Amino acid sequence: MTEKGSKLLQFIAAATGNMCVVAGGAMMGWTSPILPKLVSSEVAADNPFGRPISDEEASWIGSLVPLGTVFGAIIAGYLAERLGRKKTLLLCTLPYTIGWILVGTATNIPQLYVARLISGIALAVPFTVLPMYVGEIAETSIRGVLGSFLQLFITIGFLFSYAIGPYVSYVVLCYSCATIPLIFFLCFLPMPESPYYLLSKGRKEDALQNLARLRGKTVQGVQKEADEMQAIVEEAFRNEASMADLFTVKANFKALLFTCALVAFQQFSGIDVMLFYTEEIFISAHSTIPSSISTIVIGVVQVAASVVTPFVVDRLGRRILLVFSGVGETITLGALGLFFYLMEVSKMDTSSISWLPIGCLMVFISTYSVGWGPLPWAVMGEMFASDVKSKASSITVCICWFIAFIITKFFSNVKVAFGSHTAFWIFGVCAALSVVFTIFLLPETKGKTLQQIQNELSGDLTEVPELNASTSSKQ
C-alpha cells in the first residue's frame, strides 16, 4: 500500500528558511523610519552623525543594499553548489550580524555605507538559494504555496521596522533587527538538507533519510521517489552544464529570459522606492495622517495581502495573478503620479484629496503582494533544469538587484529634475508592459512537473505523464 505521509515538515522547513527573509525585510525597511530622522534639519538626539545627512548620502544609504546583493548573488550561487542549500542559508547569519553591528556603531557615513553593502551581500543568499531549496523539497501540489512564502515573510520584516522604528532610538532599532537572523539560525538549524543536493554529492543514505523526513514516510515509502531523483542527478552529471549552456540550450535560454523579464518588471514597478522611502513619500505628499502611522498601515496591508497568495496560487495559476497584480499597479501608479502633478506642477490645493497617497499605496502594495511580489521567485524555482539552477538563479538575482540599485539610487535625482509625478508615471508604464508580457509571452507553470516545463520551453510537445505527489520533490 502507498503510505499516506505528511506535508507538515515541508511547510516548517520552508517557513523557518524564510525567516532569513524576515531579516532582509527588516534591514530594507530600516531606511523608511531612519532616513527622515537623519536628513532632518532638526538634528535628533540619537543621530549618530551629529548633523543632517545630505540627500545624496541618503540615496547611497538606500541603494547600497541592492548593490551588495548583486555581488552576493554570485557568491551565494557558488556556495549553494559547494556547501549545500542549508549551510549556505545558515551562513547568511554572519554578514547580517556584522552589518547590524557596523550600523549600530557607525559615527561616520563611510562606515554606514560599508554596513549597508555587507547587509546586501547577506540579502542575496535567501533570494538566490531559497527558491532552489524550496523547489527541491516541495511536492508539486504545494510547490507554489511554499514558493510564495518569500514575499509573505519579507513583508513581515518590513512591518517590523515600520512598526517600531518611529518609536525607538537609532541604536535600539538596529539591535532589535539584529536579533532576527539569530532567531532564524536557531530555528532553521534542525531542518533537513535538500535530498537532491545530497544525491548530487553521492550521499544516498542521507538523501533517503531526509526525503523520508520531509514526506513523513518510511525509507521504504520514498524509495521509488529517491530512485527517480537519482536518475535525474545521474543525467545531470552526464550532461554537466556550463555557464554557456544557459545561452546555447533553448530551454535554458528561454527560462533565463522569462525569469530575468519577471524580476525586471518586478523592480520597474518601483516597489523598492515605495518600501525604502515610504515615510518620505507621505511627508512629501503633506498627508494629514501622520507619516509614521501611514507607513505602519502600509506594512500591515502588505502582510495581509501576502497571506492571500499561498491560498490561491496553485488554484488560479501564476499568470492570472500576475495580470491582476500588473493592472492594479498601473492604475494606482497613474493616480499617484497625478496627485503629485496636481500638487507640484499645477500648484493645486490637494488638501481635499490628501487621503489619495495612502489609498494608492495601499492598493498598490496589495496588488503587488499577490502577484509581482512572490511569483517571480516561485517561477524561478520551477523553470530551470536542476543542472543549471544555481548558475541561472545567480544571474537572475544579479539582474534583479542591479535594477533595484539603479532605481533606488537615482529616484531622488529624477524626482528633483522632473518631479515625483514623472517617476511614478514611468513606473506605471512599466507595470502596464508587464501585463502585456504576461498575457502574450509567459508560459503557465501551475501543476506541471519539471520535465513538462522543460519540454514546453524546448518546444517538445510530447505528453509527459503526471507524477504523483510523492514523486514531485525532484523539482
Side-chain angles (χ1 to χ4, degrees), residues 17-31 60-100 102-103 113-135 147 149-151 153-154 157-158 177-178 180-181 184-185 188 194 243 256 259-260 262-264 266-267 271-272 275-276 373-374 376-378 380-381 384 388-409:
N18 273 279
M19 287 185 69
C20 63
V21 180
V22 178
M27 180 262 295
M28 289 190 289
W30 174 87
T31 55
W60 277 111
I61 291 169
S63 61
L64 280 172
V65 166
L67 186 60
T69 308
V70 172
F71 300 111
I74 300 170
I75 300 170
Y78 175 82
L79 292 178
E81 286 300 303
R82 297 298 180 271
L83 302 180
R85 288 40 164 158
K86 176 183 171 180
K87 287 182 180 178
T88 303
L89 287 168
L90 289 171
L91 274 176
C92 76
T93 305
L94 183 61
Y96 269 133
T97 303
I98 293 172
W100 281 120
L102 290 174
V103 170
Y113 287 166
V114 171
R116 297 289 284 173
L117 199 63
I118 292 173
S119 297
I121 293 172
L123 182 65
V125 175
F127 275 92
T128 307
V129 181
L130 262 179
M132 285 192 273
Y133 178 77
V134 171
F149 275 14
L150 189 148
Q151 172 65 21
F153 279 75
I154 201 167
F158 273 104
C177 291
I180 302 175
F184 151 72
F185 185 91
F188 189 61
S194 158
M243 187 66 76
L256 186 64
T259 54
C260 288
L262 284 168
V263 297
Q266 180 194 68
Q267 293 303 319
I271 183 60
D272 282 337
L275 297 177
F276 284 30
W377 307 112
M380 185 177 81
F384 291 111
V388 297
K389 189 172 287 187
S390 63
K391 298 178 181 69
S393 297
S394 295
I395 292 173
T396 304
V397 173
C398 281
I399 289 175
C400 172
W401 290 101
F402 179 73
I403 295 171
F405 163 70
I406 295 298
I407 291 173
T408 53
K409 176 66 185 75

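Here, residue 1 is the first one in the sequence, and each next residue gets the next number. Given the structure is predicted, the values throughout are model-derived calculations rather than measurements.
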Has [X] got a side-chain atom pairing as donor or acceptor with [Y]'s backbone, closer than 3.5 angstrom?
X	Y	result
T128	S393	no
Q267	W401	no
T88	A76	no

Does [X] reach the side chain of [Y], with side-chain heavy atoms less than 4.5 Å apart?
X	Y	answer
V125	Y96	no
I154	V22	no
R116	W30	yes
T93	F184	yes
L89	C20	yes
W377	C400	yes
I74	C398	yes
I180	M19	no

Quiz item: Run the ring pair (Phe, Tyr, Trp, His ring centres under 6.0 Å) check on F188 and Y133 step by step: do they pass?
Solution: CA-CA 12 Å; F188 189 61; Y133 178 77; 5.6 Å; yes

Quiz item: Which class fits the ring pair F153 and F149: parallel under 30°, tilted 30 to 60°, perpendicular over 60°?
Solution: tilted

Quiz item: How are the rings of F405 and W60 set to each other: parallel, tilted or perpendicular (split at 30° and 60°)?
Solution: tilted

Quiz item: Near Y78 OH, under 6.0 Å, is it more than 12 heavy atoms from other residues, nucleotides or ligands?
Solution: no

